[in-house]
Amino acid sequence: MSSKEKGWKEISIAGVCSKSSVGFMTGDWKTYMPVRDLEKCTTCLTCVMLCPEGAIKWRPEMGKIEFDFSFCKGCGICANECPTKAIAMKLPEE
Amino acid sequence: MTTTQEWKFTAKDIAAKPDLFLSGHRACAGCGPAGVLRLIMKATRGPTIVTEATGCMEVVSSIYPYTSWALPWLHTAFETAAANAAGIDAALKAMRRKGKAKQHIDIIALAGDGGTYDIGLQALSGAVERGHDFLFVLYDNEGYMNTGIQRSGGTPIGAATTTTPAGKVIPGKIEKKKPITEIMLAHEMEYVATATPYYWKDMLTKVRKGLEVEGPAFLHVFAPCPRGWRSEPAKTMEYAKLAVESCVFPVWEAINGKRQLSIPSKLIALAPQKKKPVKDYLAGQGRFRHLFTPQNKHVLDEIQRLTDERWQRLLQKCESSV
């Protein structure tokens, strides 16, 4: 926490969370990362729907699916549920 | 139902909608409840206030000074999800009477199985009886996972938890899972439904229907927990699917007491050969690992028998209520 953060005496009794968790990058938790085969992907959006992190984003203006690796925890739900098996879980070095 | 036109949406509409349950929450990798919450918040129809009981999702989404909620959110104590919702509803009514609030505001109360089955039951029952206008969403991960995987009223028979460890004395939990939806139906509510995140379209429709009801509505969502079930994080949504296919958790809805199966379960009712044995669902979950030994085969058979019995009873109830 930065020095600008309020101390426990200054915050309101009920406790108000002032910052958005979008600033807290959970992406560094992962071991494996999803790698997508663009040729197999049919943009069915199954991965976008089932990702618990909201780390897979649908960009309607570009008609593309984007992975946000700053939040992806590497759980592998997207790879497991992909109907065309377009996503594989790999170590970052691979 | 108060509205006449049904809410229509496509996957692209839902995907393009900004998240109200934001990224950066600190749930485990592959968390089922986190996926459920992110999705159900996409079914909101306007200004919404969320109140939550203590539980995994409350803890991971509000670690000071960060919050994962992009809408007004309130948490007080473990048993108070429904009591909070009742208070918010009463306050909004008073504000409308005084002319301070003009538009309609939806209220969603969220609680885990501990905050619904055990600790929050009397507050929920009271709020429903008083007829407050809110949607209660129960995300059922079948145990107190946040505090160290203790048993709850929602833990199924045979599951090993830290308070019902499987060993020489007992083969996991001895008692059956409490039929909470039957209890809520007995309150003569306008809308009661069950859903799983794998069939997300079905789930989102049910959330919207629940919000449209003027009065209390109850939604029971099945949310697999890889940490507490000792299963693979990648298979979270697969278990949500297998639970429906094996009829461990059938999906249905009851409007004004008239019960009908939703499409995923209806397909199994129409083609019984598609029904999978519970073994398929239980295998791979570490909490049921002990059931696959010869000395515990009777527990496995008992689970199959109970599941079939509950499924048959549900089919009868759906038939008789049409």
Side-chain angles (χ1 to χ4, degrees), chain A residues 1-2 4-6 8 11 14-34 43-66 68-82 87-89, chain B residues 10-39 41-42 57 60-70 72-76 197-201 203-204 223-226 232-241:
Chain A
M1 266 192 242
S2 68
K4 282 178 195 165
E5 212 72 68
K6 285 179 182 174
W8 66 272
I11 60 166
V16 176
C17 295
S18 53
K19 281 185 179 173
S20 167
S21 68
V22 173
F24 191 86
M25 305 300 174
T26 48
D28 52 0
W29 294 12
K30 66 175 160 291
T31 308
Y32 295 94
M33 62 193 285
T43 55
C44 68
L45 305 180
T46 303
C47 53
V48 181
M49 292 300 163
L50 299 182
C51 175
E53 308 305 323
I56 311 176
K57 298 239 161 46
W58 164 243
R59 301 262 177 244
E61 63 280 2
M62 292 184 283
K64 276 200 293 196
I65 291 172
E66 252 178 31
D68 188 347
F69 290 109
S70 46
F71 296 111
C72 171
K73 289 171 189 164
C75 63
I77 288 179
C78 50
N80 196 53
E81 300 304 332
C82 181
I87 304 171
M89 298 305 287
Chain B
T10 62
K12 282 183 181 163
D13 297 340
I14 296 299
K17 239 184 154 184
D19 280 340
L20 292 173
F21 182 69
L22 302 170
S23 308
H25 60 78
R26 282 175 244 187
C28 313
C31 176
V36 169
L37 257 55
R38 196 179 80 83
L39 276 171
M41 287 308 147
K42 291 194 181 237
M57 285 302 105
V60 299
S61 68
S62 62
I63 296 177
Y64 188 81
Y66 297 99
T67 174
S68 296
W69 294 93
W73 178 88
L74 171 73
H75 163 250
T76 54
Y198 183 83
Y199 301 105
W200 56 268
K201 218 164 183 171
M203 181 172 80
L204 291 184
C225 165
E232 254 182 80
K235 299 227 165 140
T236 302
M237 295 299 170
E238 200 177 314
Y239 286 124
K241 180 177 156 220

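Here is how names work: the chains are called A, B, and so on, in the same order as the sequence lines, proteins then strands, and each is numbered from 1.
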Legend entry - Ala27(B) versus chain A, the contacting section by heavy-atom distance below 4.5 Å: both
Legend entry - Atom group of Ile14(B) that falls short of 4.5 Å from chain A, counting heavy atoms: both
Legend entry - Residues in side chain to side chain contact (heavy atoms under 4.5 Å, CB included) contact with Ala79(A), at least two apart in sequence or another chain: Ile87(A), Met89(A)
Inset, instruction - Using the test side chain to side chain contact (heavy atoms under 4.5 Å, CB included), find all partners of Lys57(A) that sit at least two apart in sequence or belong to another chain. - result: Arg59(A), Asp68(A), Ser23(B)
Inset, instruction - Could you tell me whether Lys12(B) atom NZ has more than 12 heavy atoms of other residues or ligands within 6.0 Å of it? - result: no
Inset, instruction - Might you confirm whether atom NZ of Lys64(A) has over 12 heavy atoms from other residues, nucleotides or ligands at distances under 6.0 Å? - result: no
Legend entry - Heavy-atom pairs under 4.5 Å with chain B, option from Pro52(A), Cys75(A), Ser21(A) with the top count: Ser21(A)
Legend entry - Which of Ala55(A), Pro60(A), Cys51(A), Gly74(A) touches chain B most, by non-hydrogen pairs under 4.5 Å: Cys51(A)
Legend entry - Any residue meeting side-chain hydrogen bond (donor to acceptor under 3.5 Å, both in side chains) with Trp73(B), in chain and number order, not counting sequence neighbours: Glu52(B)
Pairwise side-chain contact, [X] with [Y], heavy-atom cut-off 4.5 Å (strictly under):
X: Tyr66(B); Y: Val22(A); value: no
X: Cys47(A); Y: Glu81(A); value: no
X: Arg26(B); Y: Ile63(B); value: yes
X: His25(B); Y: Phe24(A); value: no
X: Ser62(B); Y: Cys17(A); value: yes

Contacting region of [X] [heavy-atom separation from chain B under 4.5 Å]:
X: Glu53(A); result: both
X: Met49(A); result: both
X: Leu45(A); result: side chain

So which residue, [options], ends up with the most heavy-atom pairs under 4.5 Å with chain A?
options: Ala15(B), Ala70(B), Ala34(B), Gly35(B); result: Ala15(B)
options: Val36(B), Leu39(B), Thr76(B), Asp19(B); result: Leu39(B)
options: Pro197(B), Ala11(B), Ala234(B), Gly32(B); result: Ala234(B)

Inset, instruction - Measure the spacing between NZ of Lys42(B) and CZ of Phe21(B) and express it to the nearest 0.5 Å. - result: 12.5 Å
Inset, instruction - Sort by residue number and list every member of residues 26-34 of chain A having a non-hydrogen atom under 4.5 Å from chain B. - result: Thr26(A), Trp29(A)
